Amino acid sequence: MSMQGKYIQRFSEEYEDYLKDESRMIGEADSISFPKTEESLRAILFELKNHQSKITVQGARTGITGGAIPKGGHVLNLSRMNKVKGFRYDPKSKNYFLTVQPGVLLSELRQMISDKDFDTEDWSKESLATLKRFRKDQEYFFPPDPTEASASIGGMVSNNASGARTFRYGPTRNYIEGLRIFLADGDSFLLRRGENKANGRTFVIQTDQGRILSGEIPSYAMPDVKNASGYYAKKNMDLVDLFIGSEGTLGIITEVEIKLIPKPAFFCGMTVFAPNEDIALHFICRIRECAFRPAAIEYFNADALVLLKEQKRKNAAFSTLLEMPFDSREAVYVEYHGEEEEVIQGILQAGEIFVSCGGNEADTWLALNSQGMEQLHFFRHAVPEAVNLTIDERRRKEAGLTKLGTDMAVPDAMLEDVMHLYRTTLRETGVESVIFGHIGNNHVHVNILPRNMEDYIKGKALYGKWAEAVLKMGGTVSAEHGIGKMKISLLKKMIGEKGIEEMKGIKRTFDPEWRLNIGNLFEIE
Amino acid sequence: MDIIVCVKQVPDTQEVKIDPRTNTIVREGVSSVLNPFDAYAVEEALRIRDRFGGKVIAISMGIQKASKMLKEILALGVDDAVLLSDRVFAGADTLATAYTLALGIQKIGKYDLILCGKQAIDGDTAQVGPSLAEKLNIPHITYASKIEKLESRWIRVRRLVDDGYEIVEASLPAVITVEKGLNVPRLPSLKTFKAAQKKGVKIWNHQDILADPSCTGLNGSPTQVIKTFVPQYGKSVEILEGTMTQQVEKLFHKLSEEGFLFE
């Protein structure tokens, strides 16, 4: 069925990009729209309801599990709902709160906050007064930092994005104070943290149009680790949390209120190069116990460093990577935020711990200013880039190959066990791989780099084996990328048939016609 | 091989503030960084020292606060740092700067090689390096993109020119000004950082280097800056709406109107 109207365009070749996201899946669609306001969104939704059209909500399409890939029907692209709507200050918590539309990009938001410069068209008097205050106040920031800064705020909320600094600041969820939601039928409501809570496991929400929606919070226990797998579910939970990480399956986010917190005066980073994995892991386990907690702890295994050295040699884009110490095997990156003196003390203490674990002070990189930090971040971000380049190269010979990247996390006590599991099973199988990522949260990305289809099949089998083991350890199958369309079977492994059925119950409450973001979280029936 | 590296602290901002009275750059209250070209000079000096032995000394002329930048350079493993700082040095043009640096370098005494960034990103003159060489009466090679060979008495450098590169040799001591991309500047290690904590930056005034105040700072600067400004470009953005085909047609029309399309 194909529609066309004031806001809705028939899907044609020129919109081809909107069938894809960073997962490299390719979807299909019949129509597309780019609403700029809630009024146009509502008109679009009414039209779509008349046609009973399925709807896939898109932000900046930076997700890597296919959450924004349409499975037929309509593509509702929110990238043009990209205004900052208002600003308020809470004197009690000393935090600022910005209300933004979902299409605002993280990179844009960061720029606006650091420049203290916003497009204030249509702002209320209160918002303008807050801005005046904000300009005189100290620096503030929005802590969530997924690696991809071109992500949209709506997308970040939909999958509860995290990043390296989640170790200290927690995921996006912790900085979301309110959400305005549109249901597929055009009904809307506002949720504010603290004001809409479940009563035990039951909840009730009234829409602006007066409809009462009620349901049951799932009974599964969420793992006590960084997690982005399935609906958030806890007794007496805040209903804002139900929508954060729901991957667009329940409602369409039209406004997000985000929290800004005071920006630390000083940032400092250090990469240490360890002669072996034991020293690296020992160092990690000890620094995360320190009273002055790092903001981030990132890991690079020996294979990741070899890949970077290789890319630096043959690819101009990587030629400005720093020269690694001659016999470096594994690397760990730590970042500290705070007052200058405590940060320097923190780094020196980390250095002492590194030496006591068997490391060498000379095999370290210290970033004490913004240029240095940029260089260390470039080094960190170069790993997934190098992986993608390698895979692209191999795909030219074998089109069916893709990267197999894990996103699993385990509890603190299981870190050494899980790393041992990865190492031994990878060695047994003989597939090429790199391991890197947010090891502070026991959350590393194992990226299998298949050379051929045989490797690919072996890799897939390993992936399944790891998921089972990680779940036994009390971990999660997805800590930050989300389930999307690619990890549904893993989610089922994690929360079981019953858990999936309970999630479906929630879905039915908000989207009884089962039209929103079909194929995310649940199999298409 | 003893090497002196000349470094400059520059404002860490795209749009610098200008003092309307003197028409020079306001340095107070603006966060500062090491001039990016100088970072390559420092790195090259350290690499040469690591290979041949000797000492690397960094020298800068600037306000007292520039000692923080010099401390950061010490943390990279530079052996010594000297800051030429005096009220009478303020407002110097390239001539007065070269005069002052030359006296500072003569006070340091022994050196085989002087490395500078090709220019500072604030003034963009690229004159201090060559001017310094003239004051010291030694040869200079500008825009070095690679040091091809280094012997105890001479140096062979690849230098960038508009239509390619030249290979030039000079006897030592010499001043070499370096291009971006000559190397990848290192970061401090914990080891060099801790060693630097024990070192201080030497601060010398005009008396220390026996400078004639009439030749330094604003007094010693024949250059008169009449006006400094950020060029204004008449930028405007227009968003073409419609379907892809309509947009392409509109764009085609616009481009031919502006004379960008030829038959």
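Reckoned from all heavy atoms, side chains included, excluding hydrogens, waters and symmetry mates. Here is the naming used below: chain letters follow the sequence lines, and residue numbers restart at 1 for every chain. Not measured: the values here are computed from a predicted model.
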* Heavy atoms only: give me the nearest B/Leu190-A/Gly351 pair and the separation to one decimal. => CD1-CA, 3.2 Å
* For B/Lys199, does the NZ atom sit with more than 12 other heavy atoms under 6.0 Å from it, leaving out its own atoms? -> yes
* To do: Nearest 0.5 Å please: distance from the CG atom of A/Leu368 over to the NZ atom of B/Lys71.
  => 12.0 Å
* Asked: Given that the side chain runs from C-beta out, which part of A/Glu14 has a heavy atom under 4.5 Å from chain B: side chain, backbone, both or neither?
  -> both
* Indicate the atoms forming the closest heavy-atom contact of B/Ser189 with A/Ala362, along with that distance. => CB-O, 3.5 Å
* Structure fact -> Applying a strict 4.5 Å limit to non-hydrogen atoms, the region of B/Thr243 in contact with chain A is both
* Does atom NZ of A/Lys309 have more than 12 heavy-atom neighbours from other groups under 6.0 Å away? -> yes
* Carefully, step by step, assess B/Val184 and A/Lys312 under the rule side chain to side chain contact (heavy atoms under 4.5 Å, CB included). => CA-CA 11 Å; B/Val184 181; A/Lys312 179 176 165 63; 3.9 Å; yes
* Asked: Given that the side chain runs from C-beta out, which part of A/Glu13 has a heavy atom under 4.5 Å from chain B: side chain, backbone, both or neither?
  -> neither
* Counting only heavy atoms closer than 4.5 Å, note whether A/Leu321 contacts chain B via side chain, backbone, both or neither. => backbone
* Asked: So A/Thr271 and B/Leu187, side chain to side chain contact (heavy atoms under 4.5 Å, CB included) or not? Walk me through it.
  -> CA-CA 10 Å; A/Thr271 301; B/Leu187 288 175; over 6 Å; no
* How about A/Arg135: does its CZ atom have over 12 heavy atoms from other parts shown lying under 6.0 Å from it? -> yes
* So with a 6.0 Å cut-off around CZ of A/Phe292, is the heavy-atom count from everything else above 12? -> yes
* **Contact origin within B/Pro185 toward chain A - heavy atom pairs under 4.5 Å** => backbone
* Heavy atoms from other residues, nucleotides or ligands near CD of B/Glu257 exceed 12 (cutoff 6.0 Å) -> yes
* Option that, when pairs with chain B are counted at under 4.5 Å, heavy atom only, ranks first among A/Leu322, A/Val355, A/Asp363, A/Ile347 -> A/Leu322
* Asked: Do other residues, nucleotides or ligands put more than 12 heavy atoms under 6.0 Å from the CD atom of A/Glu310?
  -> yes
* **A/Lys116 atom NZ, neighbour heavy-atom count above 12 within 6.0 Å** => yes
* Pairwise distance NZ(B/Lys180) to OG1(A/Thr320) - rounded to 0.5 angstrom -> 9.5 Å
* Between A/Glu323 and B/Asn183, is any pair of side-chain heavy atoms under 4.5 Å apart? -> no
* To do: Kindly check if the number of other-residue, nucleotide or ligand heavy atoms within 6.0 Å of NE2 (B/His253) is above 12?
  => no
* **Value rounded to 0.5 Å, distance of CE in B/Met244 from CD in A/Glu16** => 9.0 Å
* Please look at A/Ser319 and chain B and tell me whether the side chain, the backbone, both or neither of the residue comes under 4.5 angstrom of a heavy atom of that chain. => backbone
